[in-house]
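The sequence lines fix the lettering, A, B, ..., with proteins before strands; numbering per chain opens at 1. Just so it is clear, the values below take in all heavy atoms, side chains as well, and ignore hydrogens, waters and symmetry mates.
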There are 2 protein chains.
Amino acid sequence: MRIIDEAALDDITLGSTILGSGGGGDPYVGMLLARDAIRRFGPVSLVDIEEVPDDANVVFIAGIGAPGVLIEKLPRAAEYERVLDELERFTGVTYDYVCPIEAGGLNAVTPFATAAARNLPVIDADGMGRAFPHLEMVTPTLYGGSATPMVMIDEHGNTMFLESATNSWAEAYSRAAVLASGANAASALYPMSGRQAKEWLVRGALSMAQDIGRTIREARDAHVSPVHAVLEKQGGVLLFTGKVEEVDRRNERGWTIGTAHLSGVDADSGHTMTIHFQNENLAAKRDGEVVASSPDLIMAMEIDTGEPIPAEEIRYGYRVAVIGLPADPHWRTEAGIELSGPRRFGYDIDYRPVEDAVTVG
Amino acid sequence: MRIIDEAALDDITLGSTILGSGGGGDPYVGMLLARDAIRRFGPVSLVDIEEVPDDANVVFIAGIGAPGVLIEKLPRAAEYERVLDELERFTGVTYDYVCPIEAGGLNAVTPFATAAARNLPVIDADGMGRAFPHLEMVTPTLYGGSATPMVMIDEHGNTMFLESATNSWAEAYSRAAVLASGANAASALYPMSGRQAKEWLVRGALSMAQDIGRTIREARDAHVSPVHAVLEKQGGVLLFTGKVEEVDRRNERGWTIGTAHLSGVDADSGHTMTIHFQNENLAAKRDGEVVASSPDLIMAMEIDTGEPIPAEEIRYGYRVAVIGLPADPHWRTEAGIELSGPRRFGYDIDYRPVEDAVTVG
């Protein structure tokens with residue numbers, strides 16, 4: 001158990017942008033929310049999953065919406081502070097621990113707002129080890145965990161309780177409700193026991209975000225390449241170094257969908273890369289050949305500063321290093337690839353571990 | 001108190017098609033559902049609202065969806081039989097009476113399925129005295145009644161409980177959920193006391209549907225005009241007699257929207273009428289001049305048989321009498337017209353009671 005102070009929150013925020021894999025919403029917005037709650041209610045402790053009793057009640061806290069909306073409309077603290085009370089009223093269960101659904105993006109830190117208000121610890125784990133755009137794409141789904149009973153509350157004062165037949169139906173209902181309400185809601189979902197949390201979740205996911213953030217910060221301070229520091233830390237692969245030439249991006253029912261086209265520089269001079277995204281970066285092709293795909297992480301970082309560039313913001317002129325990071329072992333199973341691999345997103349691509357990519361440069 | 005037998009159900013079904021004002025879903029489908037439930041669980045009693053104790057707990061039962069989907073996909077009895085149990089589980093309240101939200105269309109009889117399964121009486125009243133396409137367009141809204149807590153269950157096994165800030169938000173969430181689930185769900189909503197039911201509801205709405213149905217049936221048996229019999233019974237106005245020349249109809253997010261163009265016959269020869277519908281018929285223009293509009297009822301009936309023609313089915317070649325029936329007095333107030341008048345549906349038209357229309361023929 002350790003206390004998360006503002007410096008730790010800053011590192012988690014920076015690292016969660018990398019784990020966001022291009023999506024997941026702007027972690028800076030989540031950080032403001034979490035920091036404000038910690039200042040008002042007091043510090044939050046982060047516990048290792050081994051410290052959680054088997055019979056404890058655990059639940060994910062998450063913001064649901066489209067990243068673009070989350071960036072324009074700040075999530076309101078009030079909803080995150082109240083969302084667990086609502087689930088407890090609905091289920092009659094008292095929850096002992098909260099946990100992020102994804103350590104990538106905004107939702108890495110939204111649970112801290114709930115935890116601070118309720119004086120509960122946050123578990124150092126998540127259900128993705130990254131960010132994904134569908135709420136059924138979590139490791140508990142691989143083991144039969146249910147997204148519901150869940151509760152979702154929006155900024156207008158509407159509360160939706162859901163018991164769904166499948167986690168995909170929970171996604172469909174939540175997405176529809178978020179679009180109807182204006183695309184910003186806080187939710188508590190995937191209630192599970194401590195024992196289930198230990199079996200199902202990606203362990204140490206928040207520490208991983210914090211480590212990546214610290215690595216980038218220290219590399220900047222030491223005037224060495226943040227890109228190479230992150231690759232070394234995470235066992236990742238440099239997929240491409242290039243300049244963004246063109247981005248096709250459209251918004252479709254709250255989704256940011258498109259392709260970024262890059263031309264190579266340095267060792268990649270004369271080559272091209274395309275990054276295909278649906279909120280998150282989901283596939284990367286070098287000279288037309290797939291070199292990385294979901295569930296592995298694909299992320300563009302500004303070459304000089306190491307600043308992570310989300311799919312929403314990537315545009316002409318950026319000079320980026322495109323990196324690939326291996327997904328958590330939970331995802332690299334047959335069931336994991338079926339739930340979150342490239343075919344699930346409509347790409348006619350077989351998943352191949354990113355470490356197998358032939359890299360240049 | 002009287003027992004609703006299958007003959008009564010048939011008359012209600014026919015009459016509710018007229019009160020459907022062109023929409024409300026196919027009452028025949030609802031009748032099959034209700035009849036089956038009555039055969040399995042036993043007869044249902046219909047009670048006058050004056051028989052309901054002030055402290056009784058009353059709730060609307062309604063199917064939510066787009067009429068087109070309801071016609072193609074039969075609502076399943078299981079959802080109507082279970083929906084009240086779910087609301088009771090959610091609220092902790094036991095309900096004593098069920099009531100249709102609308103006596104027009106399918107939902108005139110869906111409450112009989114719930115009532116039969118739970119051995120509860122149905123109140124001879126409704127929240128519209130007709131059909132409307134939005135769930136906030138009910139008389140309780142005029143008096144501060146709340147649509148929620150409500151429950152909605154679909155055929156896939158999903159249960160949504162809602163507590164909304166306003167009745168319009170309840171509509172937005174329900175509509176979104178219905179579209180996400182495939183547009184067919186049973187709901188229990190607008191919980192109210194017996195005292196509130198007496199103040200808020202349209203009294204005798206189911207008897208009105210039954211009377212209209214009986215009137216049409218008896219006119220057919222007596223070989224007299226069902227159209228004139230209904231007009232006499234309801235104090236309505238014959239707006240036009242003509243032939244359908246053309247129908248523009250589109251489906252938009254579950255809504256059937258369009259215009260039917262008629263050319264006059266007999267006394268209306270040389271004149272035209274357009275009927276503008278959004279699920280229900282909402283405005284009628286004779287030679288371009290508005291002669292009827294919501295909340296008054298506009299309905300096309302086949303001239304010879306008196307068969308009501310829904311907006312979904314009206315098409316080239318039908319010979320119809322277009323009738324206008326006065327809305328319930330609840331609607332003919334400033335608040336009533338604001339909630340359900342033509343401007344609410346985007347028509348730049350002032351409401352004028354249908355009896356004021358200059359009629360020909």
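If you tally non-hydrogen atom pairs under 4.5 Å between each of B/S174, B/A170, B/A165 and chain A, the highest count goes to B/A165. Counting heavy-atom pairs closer than 4.5 Å to chain A, the top residue among B/T148, B/T166, B/D154 is B/D154.
Using a 30° and 60° split on the angle between ring planes, A/F161 and B/F161 fall in the perpendicular class, above 60°.
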Any chance you could lay out the side chain to side chain donor-acceptor pair (under 3.5 Å) test for A/Q278 and A/Y347, step after step, and finish with the verdict?
CA-CA 11 Å; A/Q278 296 178 27; A/Y347 301 109; 3.2 Å; yes
Let me see the working for B/R343 and B/D348 under salt bridge (charged side-chain N to carboxylate O under 4.0 Å, His left out), right down to the final yes or no.
CA-CA 6 Å; B/R343 294 193 186 278; B/D348 188 20; 2.6 Å; yes
Before giving the answer on side chain to side chain contact (heavy atoms under 4.5 Å, CB included), spell out for A/Y80 and A/L33 the whole-Å C-alpha distance, their side-chain angles and the decisive distance to 0.1 Å.
CA-CA 9 Å; A/Y80 289 95; A/L33 183 84; 3.6 Å; yes
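The distance between the ring centers of A/H276 and A/F345 does not fall below 6.0 angstrom. Not less than 6.0 angstrom separates the ring centroid of B/W255 from the ring centroid of B/F277.
Residues of residues 83-93 of chain B lying under 4.5 angstrom from chain A, judged on non-hydrogen atoms, are B/E86, B/R89, B/F90 in numerical order.
Residues A/F112 and A/P100 are not in side-chain contact: their nearest non-hydrogen atoms beyond the backbone lie 4.5 Å or more apart.
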